[in-house]
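Accompanying notes for the structure given below.
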Amino acid sequence: MALEVNRVSLTFPDGNSRDYDAGVTPAEVAASIASSLAKKAISATVNGAHHDLQWPIDADASIAINTMKDEEPAVELIRHDLAHIMARAVQEIWPDTQVTIGPVIKDGWYYDFDRKESFTPEDLGVIEKKMKEIINKRDEVRTEVWDRARAIKHYEDLGEPYKVELINAIPGDEPLRMYWHGDWQDLCRGPHLQHTGQVPGDSWKLMSIAGAYWRGDSDRAMLQRIYGVAFQNKEQLKAHLNMLEEAAKRDHRKLGREMDLYHMQEEAPGQVFWHPNGWLIYTQLQDYMRRKQRAGGYVEVNTPQVVDRKLWEASGHWEKYQDHMFIVEVDEDHAREKSVNALKPMNCPCHVQVYNQGMKSYRDLPLRMAEFGSCNRYEPSGALHGIMRVRGFTQDDGHIFCTEEQIEDETAQFIAFLSEVYKDLGFENFSVKFSDRPEKRSGSDEVWDKAEAALLKATRAAGIEPELNPGEGAFYGPKLEFVLTDAIGRDWQCGTHQVDFVLPERLDANYIGSDGEKHRPVMLHRATLGSFERFIGILIEEHAGKLPFWIAPRQVVVASIISDADDYVHEVVAALKAVGVRAEADIRNEKINYKVREHSLGKVPVILACGAREVEERTVSVRRLGEKQTSVTSLTEIVTELEKSATPPDLL
RNA sequence: GCUGCUGUAGCUCAGUGGUAGAGCGCGUCAUUGGUAAUGACGAGGUCGGGAGUUCAAUUCUCCCUAGCAGCACCA
């Protein structure tokens, strides 16, 4: 047969297909359809994958040409090209800067640079201006595939060692793709736009500068990272910036002050001084959890705060976490040496001590042991964050001692338990992550295989397909993490459920089986809220301070409109208090407008105003937080209604 | 812990090489007002801590400390 060019058949979204010469690029395909499409095209989706317009197609495929109207590819390319354009701008302004990597992230992108001088906030404006110039130049974007040696030589000659290292880290003989935005070049997987002018000039913004370790390794160079956000159009950018502004108002640190919940001070970094309002939330939550746990078959214990290092050595924590423990040394008069203790950083070893008292039978299992355990961890200074990441906190901790056969059922029960609690507290959705064996760990691979398999199986049996978090498990076992997000979308692990075959071994826990022999129990570490501190922080941000009535620290303010109503106000407050509602009188000599404003800012859910009319009719004027409307209700009715609202959900 | 930024009245923030200012809040007085700020007057600060430079430091330099953003860490 004579030599002929191979043909490929491309199928379009409408189901029609057309034949092209093999090696045809999506750009050529677009041009073959319409020149207007060729102009508007930004990329293609080929067999479901995002494809550069310049990448040749060698086999039959499905194809869709993307334009700026296609949100997903458009946003992806805008952000990705902006990363390159920003890097080009930075190198044009400061040629001694070295470039590293610049990926697309949620809402935008970042790029990491190595430069002697620090970028200043003012520099962001300068860079933005240069980026706009580059966009206006409408420079062509080109791409070529290079072999490894050529690429390495290229970057060595340019004095870009980070790029050389990146290439060396790319596995095997994978071809390397090079991109040019005008004359500026970067190593990049792609795809990219056709020219810089396809990036909208006004739908993005540089946000901040921060440090970041090269390749995420704290032993390596600290680079300077510039973050940007980008969207399809100006309106979306505006909406995003507006959202951030609104989110800042929900920050628990701001609301904590405004609602007078707690404070922190220099003498006790990372530790909370709870004020009456905050402590009300805390105790309300604790009372609720205590009831739930009792109903869930847990026994509650309490264990010491200061514990000799011997126990931590036995558990393995001394070896692995000593730097993160608060050490307490005590000189004892007649002792040969100082006694060295640590504030407990967690409760598990203590719970095993309680378990180990007396003989346990298989009939005692599963033994569910709970403690509101106060812990102290010397967290790195940079990790502290309001009350969400602290050095002194209390876990709603629990350890379930059980047999291997009981793991699955106990896991399923816990997931159901946690879901109920989260729902009661206003969290319908949460993400679940599965963390498997870390590099630094105790226990044999065989034990880990068993633990991971058991936990995963139980989770799936509970109808949850967790997101995989490789290598993030605890040193003694795999973890299930229940993650909630704060006002600006940062993830926080709250609940956790962990399988542990290691600690019972190290601390010699056992039980007598039905065979009359000693056996090792499995330990399940679990916390529902995680810590009260973090959970309350999340709770405040989730509800923007407008907490569910039953958990709100201040529930009702009864405000007088005229002083002739004062006696009646006190009567209303007394009636509410009598049924367990947290009510306070406000009979200050102030106008009702003033009182309403002040208590609204204080996030009081219900304001009951009383004037001459209410006194006369034995009613109250009800104003609920967030509503402009008021309504008049009889005293007896509102007392009944608020009594019900104040009842915790588990008691309804 | 690392990089950068910040720390002035209870809060939010201005300001200056010659020991400080606003608004809100707080106190007093007047006002009894119907659903997000009534008015007048008044009190309140070793300008995060220490050292240095200087005739003089809240201001400039260095160290420490705490906070903020991100990274790293998170039993």
Side-chain angles (χ1 to χ4, degrees), chain A residues 110 112 118-121 207-227 251 253-254 257-258 260 263-270 312 315-325 344-349 375 377-386 388-390 395 435 438 440-442 472-477 479 481 488 490 492-493 496 498 500 502-503 525 530 534 559-566 587 589-602 607-614 621-623 625 627-632:
Chain A
Y110 67 75
D112 287 349
S118 299
F119 293 117
T120 65
M207 298 298 281
S208 60
I209 308 153
Y213 294 110
W214 169 234
R215 313 205 84 191
D217 184 343
S218 60
D219 291 330
R220 307 207 56 183
M222 174 62 71
L223 307 171
Q224 298 187 66
R225 176 173 296 179
I226 301 179
Y227 285 93
D251 191 311
R253 293 165 297 187
K254 181 176 157 72
R257 203 183 315 107
E258 289 171 0
D260 195 13
H263 85 272
M264 300 172 100
Q265 63 187 50
E266 199 164 338
E267 289 79 0
W312 306 116
S315 69
H317 291 95
W318 190 261
E319 186 198 342
K320 293 200 167 58
Y321 293 103
Q322 199 187 140
D323 291 348
H324 299 284
M325 290 201 255
K344 72 171 168 188
M346 29 120 66
N347 309 296
C348 7
C375 298
R377 295 179 185 175
Y378 189 75
E379 300 284 12
S381 56
L384 303 179
H385 182 92
M388 305 260 236
R389 183 85 181 266
V390 285
Q395 297 176 315
S435 302
K440 237 170 113 177
R441 61 177 183 263
S442 297
E472 296 292 316
F475 74 85
Y476 49 71
K479 293 201 290 190
E481 298 175 29
I488 64 168
R490 285 177 289 221
W492 295 93
Q493 183 205 303
T496 183
Q498 312 169 4
D500 180 3
V502 174
L503 214 52
H525 305 241
R534 177 174 296 179
S560 58
I561 294 169
I562 49 163
S563 51
D564 280 347
D566 289 359
I587 55 166
N589 181 9
E590 297 291 350
K591 290 190 172 169
I592 191 64
N593 291 324
Y594 182 89
K595 296 181 183 180
V596 165
R597 176 182 153 82
E598 188 176 280
H599 301 307
S600 299
L601 288 173
I607 298 170
L608 303 180
C610 301
R613 219 158 46 225
E614 286 76 14
S621 164
V622 185
R623 184 186 168 115
L625 186 58
E627 291 176 14
K628 288 240 155 61
Q629 236 55 36
T630 61
S631 62
V632 176

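Reminder, nothing fancy here: chain letters follow the sequence lines and each chain counts from 1.
With hydrogens and angles ignored, a donor-acceptor pair closer than 3.5 Å exists between the side chain of A/Arg389 and the base of B/rC74. Side-chain atoms of A/Glu614 come within donor-acceptor range of the base of B/rG34, with a qualifying N/O pair under 3.5 Å. Side-chain N/O atoms of A/Ser563 and base N/O atoms of B/rU32 include a donor-acceptor pair closer than 3.5 Å.
Counting only heavy atoms from C-beta on, A/Arg534 has its side chain closest to B/rC74 among B/rA37, B/rC74, B/rU38. Set against B/rC71, B/rU32, B/rA36, the side chain of A/Ile562 has B/rU32 as its closest nucleotide. The listed nucleotides are B/rU38, B/rA36, B/rC11; the one nearest the side chain of A/Arg257 is B/rC11. Picking from B/rG33, B/rG67, B/rG1 the nucleotide with the shortest atom distance to the side chain of A/Ile561 gives B/rG33. Proximity note for A/Pro380 (side chain, C-beta onward) versus B/rU38, B/rA75, B/rA72: the nearest is B/rA72.
B/rC13 atom P lies 9 Å from atom NZ of A/Lys254, rounded to whole Å. Nucleotide B/rG34 holds its P atom 18 Å from the CD atom of A/Gln629, rounded to whole Å. Between the P atom of B/rA36 and the NZ atom of A/Lys595 lies a distance of 14 Å, rounded to the nearest Å. Here B/rC2 presents its C1' atom at 19 Å from CZ of A/Arg215, a figure rounded to the nearest Å. Distance, A/Asp112 CG to B/rG70 P: 15 Å, rounded to whole Å. The OH atom of A/Tyr213 sits 5 Å away from the C1' atom of B/rA72 (whole-angstrom rounding). Atoms CG (A/Asp217) and P (B/rU3) sit 15 Å apart, rounded to a whole Å. Taking atom CG of residue A/Leu601 and atom C1' of nucleotide B/rU12, one finds them 14 Å apart after rounding to whole Å.
Taking atom C1' on both nucleotides, B/rA51 is separated from B/rA75 by 41 Å, rounded to a whole Å. A gap of 38 Å separates the C1' atoms of B/rA56 and B/rC2, to the nearest Å. Using atom P as the reference point in both B/rU61 and B/rU53, the two lie 16 Å apart (nearest Å). The gap from the C1' atom of B/rA72 to that of B/rC11 amounts to 34 Å, rounded to the nearest Å. Rounded to whole Å, the separation between the C1' atoms of B/rA20 and B/rU16 comes to 8 Å. When the C1' atom is compared between B/rU12 and B/rC55, the two are found 37 Å apart, to the nearest whole Å. Straight-line distance between the P atoms of B/rU35 and B/rG70: roughly 43 Å, to the nearest whole Å. To the nearest whole angstrom, the two C1' atoms, one in B/rA14 and one in B/rC24, are 15 Å apart.
Phosphate contact (OP1/OP2 of B/rG67, side-chain N/O of A/Arg253, threshold under 4.0 Å): absent. For the pair A/Arg490 and B/rA69, the criterion of a side-chain N or O lying under 4.0 Å from OP1 or OP2 is met. For the pair A/Arg623 and B/rG34, the criterion of a side-chain N or O lying under 4.0 Å from OP1 or OP2 is not met. Taking side-chain N and O atoms only, A/Ser118 has a distance below 4.0 Å to OP1 or OP2 of B/rG4. Note on A/Ser218: every side-chain N or O is 4.0 Å or more away from OP1 and OP2 of B/rG1. Proximity of A/His385 to the phosphate of B/rG70: no side-chain N or O atom is located under 4.0 Å from OP1 or OP2.
Contact annotation for A/Tyr594: backbone-only contact, meaning every heavy-atom pair under 4.0 Å involves sugar-phosphate atoms and none involves a base. A/Glu598 comes within contact range of no nucleotide atom at all, as no heavy-atom separation falls under 4.0 Å. Contacts of A/Ala559 with the nucleic acid, taken as non-hydrogen atoms under 4.0 Å apart, are absent. Counting non-hydrogen atoms under 4.0 angstrom, A/Gly386 reaches the backbone sugars and phosphates but no base. Residue contacts for A/Lys344: at a heavy-atom cut-off of 4.0 Å it reaches no nucleic acid atom on any strand shown. Base engagement by A/Ala609 is indicated by at least one non-hydrogen atom pair under 4.0 Å involving a base atom. Residue A/Phe119 is out of contact with every strand shown, counting any heavy-atom pair closer than 4.0 Å. Heavy atoms of A/Gly216 sit under 4.0 angstrom from primed sugar atoms or phosphate atoms, though from no base atom. Among the atoms of the strands shown, only primed sugar atoms or phosphate atoms (P, OP1, OP2) are found under 4.0 Å from some heavy atom of A/Tyr227.
Salt bridge annotation for A/Arg215-A/Asp217: absent, with no cationic side-chain nitrogen under 4.0 angstrom from a carboxylate oxygen.
A donor and an acceptor atom, one from each side chain of A/Glu267 and A/Gln265, are located under 3.5 Å apart.
A/Phe475 is listed as a side-chain neighbour of A/Ser442, based on a closest heavy-atom distance under 4.5 Å. Counting only heavy atoms from C-beta outward, the side chains of A/Leu625 and A/Ser600 approach each other to under 4.5 Å. You'll find the side chain of A/Arg257 stays beyond 4.5 Å of the side chain of A/His263, heavy atoms only. Looking at A/Ser435 and A/Gln498, their side chains never come closer than 4.5 Å, going by heavy atoms from C-beta outward.
B/rU35 is unpaired under the Watson-Crick or G-U wobble criterion, no partner having all donor-acceptor distances under 3.5 Å. Nucleotide B/rU16 has no partner under the Watson-Crick or G-U criteria, as no pair reaches both atom distances under 3.5 Å. The nucleotide B/rC24 finds its pairing partner in B/rG10, both defining distances of the Watson-Crick or G-U wobble pair being shorter than 3.5 Å. A 3.5 Å limit on both hydrogen-bonding distances identifies no Watson-Crick or G-U partner for B/rC74. Within the shown strands, nothing qualifies as a pairing partner of B/rU53 under the Watson-Crick or G-U definition with both distances less than 3.5 Å. Pair assignment for B/rC68 gives B/rG4, based on Watson-Crick or G-U wobble hydrogen-bonding distances that are each under 3.5 Å.
Note: A/Cys610 SG to A/Ile592 CD1 = 8.5 Å, rounded to the nearest 0.5 Å. Taking NZ from A/Lys479 and NE2 from A/His525, the interatomic distance works out to 11.5 Å, rounded to the nearest 0.5 Å.
Closest-nucleotide positions on RNA chain B for A/Ile209 and A/Met222 were compared, and the one nearer the 5' end corresponds to A/Met222. Nearest-nucleotide positions on RNA chain B for A/Asp251 and A/Ser381 put A/Ser381 closer to the 5' end.
When the shell of 6.0 Å around CD of A/Glu319 is examined, it contains 12 or fewer heavy atoms from other residues, nucleotides or ligands.
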